[in-house]
Amino acid sequence: MRALNRAREAFVASGRPDRVVRDLVRDSWTRSINSGIDPENALATIHLPSDSLEAIRTAHPLAVAMPVVRRLLVDSAAEAGLLVAVSDAAGQLLWVEGSPRMRTRAEDIHFVPGADWSEASAGTNAPGTSLALDRPVQIHGPEHLSRIVMPWSCTAVPIHDPENGSVLGMLDLTGGPDAVGVQSLALVRATVAAAEAEMRLQRIAPPSTPSAQPSAGHLSVLGKLGATLRFGATTTQLSIRHSEILVLLTQSTIGLSAAELAVALSDDEQAEVTVRAELSRLRSAIRPLELQSRPYRVPASLRTDIAEVKTHVRAGRLRQAVSAYPGPVLPQSIAPGVEELRMELHTLVRTSLLSSRDADAVLAFADTAHGRDDYEMWTHALQILPAGSPRRTAAQAHLNFLDDRLG
């Protein structure tokens, strides 16, 4: 890295690249200088206004591939403190998602939706250079021509039209040194391949007829670290924050304001603007499901596994309720509103079983990760099992185990 820093300084001063510089980078530096890029002050130009960005995204061919990109790359990148960007063929960023902290930092270098990251606008960088060469490119910090971008590293791979091979845009992983490893390039390549395959599938799928009923959509949150949204033929795995927001909205019949969501999401005071920003990203993540505003709400037709469990319990179908209850609501969430939902549903199922004489349903619940330490449930099972049932011995043995462990 020190050698690259020295080589860049020498190039800026003399126009002659050192042999330590890769040919790909040297050629890109030359193209960038010839385009009028100022190595000391160049910043990407923001061309697309925010009010027209949503319409441009919706109409772009890559929109149908975004659920795949999010599922395979964005959530993992966010956990690793990285950003994922998707551009059009001209280098204009359409989506920038990932780590919230890194998104804030990236605003300083104009790495935001609507910005032009072509070489002619931002100088040497992985997104612009990969589009210029139509090949995968990794750019390490000092290989950027613009000094302002040198603290960053990035890996970009072009995305092609699956039918005619034309360049539609590129997929980029941006952040620190981790963004340019061998594994990073392999992961971005694989995600691009999956995105291109998704576009191909979308195009060969039979068109829906006017009489066909639209999919209601289904949200699964029970026993899951992050929610799964199924809408038509599309399945989307949501981040924990988006999962929390969506499940809270599904449980409100009249919708929630940004202020109400802020309270439900955190005990700490949270700015409404932060919640609105997450809602904007959620709206993109769950398309074509419509997220309405003022107040924020989801279509009443969206079904949830929470509602299924409640329906079974209220109808007295306890065996079906236990089968539909693989675990608590988003078990790792610490959002106050989610914790309340979690306790409410678990209590509903549990109290219904404790007042039931259906030993099969009671034992099916007791013999799960969320029921194995429930002393009262195992005691109830032993009480309602017939005197000659062979399962009494196992139930008594488990109660003895709990007595020893719990004291």
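The shown structure was predicted, so the numbers you read here are calculated from the model rather than taken from an experiment. Worth knowing before you read on, the calculation uses all heavy atoms, side chains too, and leaves out hydrogens, waters and symmetry mates.
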Do you see a donor-acceptor pair shorter than 3.5 Å between the side chains of H398 and D367?
no
Output the distance between atom CG (L222) and atom CG (D305), rounded to the nearest 0.5 Å.
3.5 Å
By side-chain contact (heavy atoms from CB on, under 4.5 Å), which residues pair with T58, not counting sequence neighbours?
E54, R287
I need the minimum non-hydrogen distance between H218 and T304, along with the two atoms involved.
NE2-C, 3.9 Å
Quick one: closest heavy-atom pair of G98 and V74, and the distance?
N-CG1, 4.1 Å
Please round to the nearest 0.5 Å and tell me the distance separating atom CD of E339 and atom CG of L330.
11.0 Å
So does R281 get a backbone contact from the side chain of H242, meaning a donor-acceptor N/O pair under 3.5 Å?
no
Return yes when atom CD of E340 has more than 12 non-hydrogen atoms of other residues, nucleotides or ligands closer than 6.0 Å, and no otherwise.
no
Pair R317 + E308: basic N to acidic O under 4.0 Å:
no
Given 3.5 Å as the limit, does a donor-acceptor pair link the side chain of S243 with the main chain of G226, or not?
no
Student check: side-chain heavy atoms of E119 and L133 closer than 4.5 Å
no
Just verifying a value: how many Å separate S284 OG and R57 CZ, rounded to the nearest 0.5 Å?
5.0 Å
Report yes if some heavy atom in the side chain of M102 is under 4.5 Å from a heavy atom in the side chain of L82; otherwise report no.
no
Full working for side chain to side chain donor-acceptor pair (under 3.5 Å) between T228 and Q237:
CA-CA 5 Å; T228 300; Q237 188 70 37; 3.0 Å; yes
Which salt bridge (charged side-chain N to carboxylate O under 4.0 Å, His left out) pairs, counting each pair once, include a residue from residues 343-356, with sequence neighbours left out?
K310-E344, R350-D374, R350-E376
Distance only, no hydrogens: is a donor on one side chain within 3.5 Å (strictly under) of an acceptor on the other, for S28 and T124?
yes
Could you tell me which non-hydrogen atom of S130 sits nearest to which non-hydrogen atom of A156, and how far apart they are?
OG-CB, 3.6 Å
Which of these, T191, L187, L185, sits in a side-chain contact (heavy atoms from CB on, under 4.5 Å) with R189?
L185
Short question: side chain of S355, backbone of S352 - any donor-acceptor pair under 3.5 Å?
yes
Please check this pair: side chain of S99 against backbone of L83, looking for a donor-acceptor N/O pair closer than 3.5 Å.
no
Check step by step if side-chain contact (heavy atoms from CB on, under 4.5 Å) holds for I37 and W29.
CA-CA 9 Å; I37 294 296; W29 283 357; over 6 Å; no
Qualifying ring-ring contact (aromatic ring centres under 6.0 Å, His included) pairs with a residue from residues 329-350, counting only residues at least two apart or across chains:
Y325-H346, H346-F365
Value rounded to 0.5 Å, distance of CG in L62 from CG in D88
8.5 Å
Can you check side-chain contact (heavy atoms from CB on, under 4.5 Å) on Q138 and L173, steps first, answer last?
CA-CA 9 Å; Q138 292 186 305; L173 188 66; over 6 Å; no
H110 (side chain) donor-acceptor with L43 (main chain) under 3.5 angstrom:
no
For I384 and A359, which heavy atoms make the closest approach, and how far apart are they?
CD1-CA, 3.6 Å
Hey, is CD on Q183 packed in by over 12 heavy atoms from elsewhere, all under 6.0 Å?
no
Distance-only, no hydrogens or angles: does the N34 side chain make a donor-acceptor pair with backbone N or O of T30 under 3.5 Å?
yes
Taking CD in Q332 as the centre, count heavy atoms belonging to other residues, nucleotides or ligands within less than 6.0 Å. Is the count above 12?
no
Could you tell me whether R6 and E9 have a side-chain N and a carboxylate O separated by less than 4.0 Å?
no
So how far is it from S280 OG to L53 CG, rounded to the nearest 0.5 Å?
9.0 Å
List the steps and the verdict of side-chain contact (heavy atoms from CB on, under 4.5 Å) for R105 and W152.
CA-CA 10 Å; R105 283 186 55 199; W152 298 76; 4.0 Å; yes
Charged N-O contact under 4.0 Å between R241 and E278:
no
Rounded to the nearest 0.5 Å, what separates atom CG in L131 from atom CD in Q92?
11.0 Å
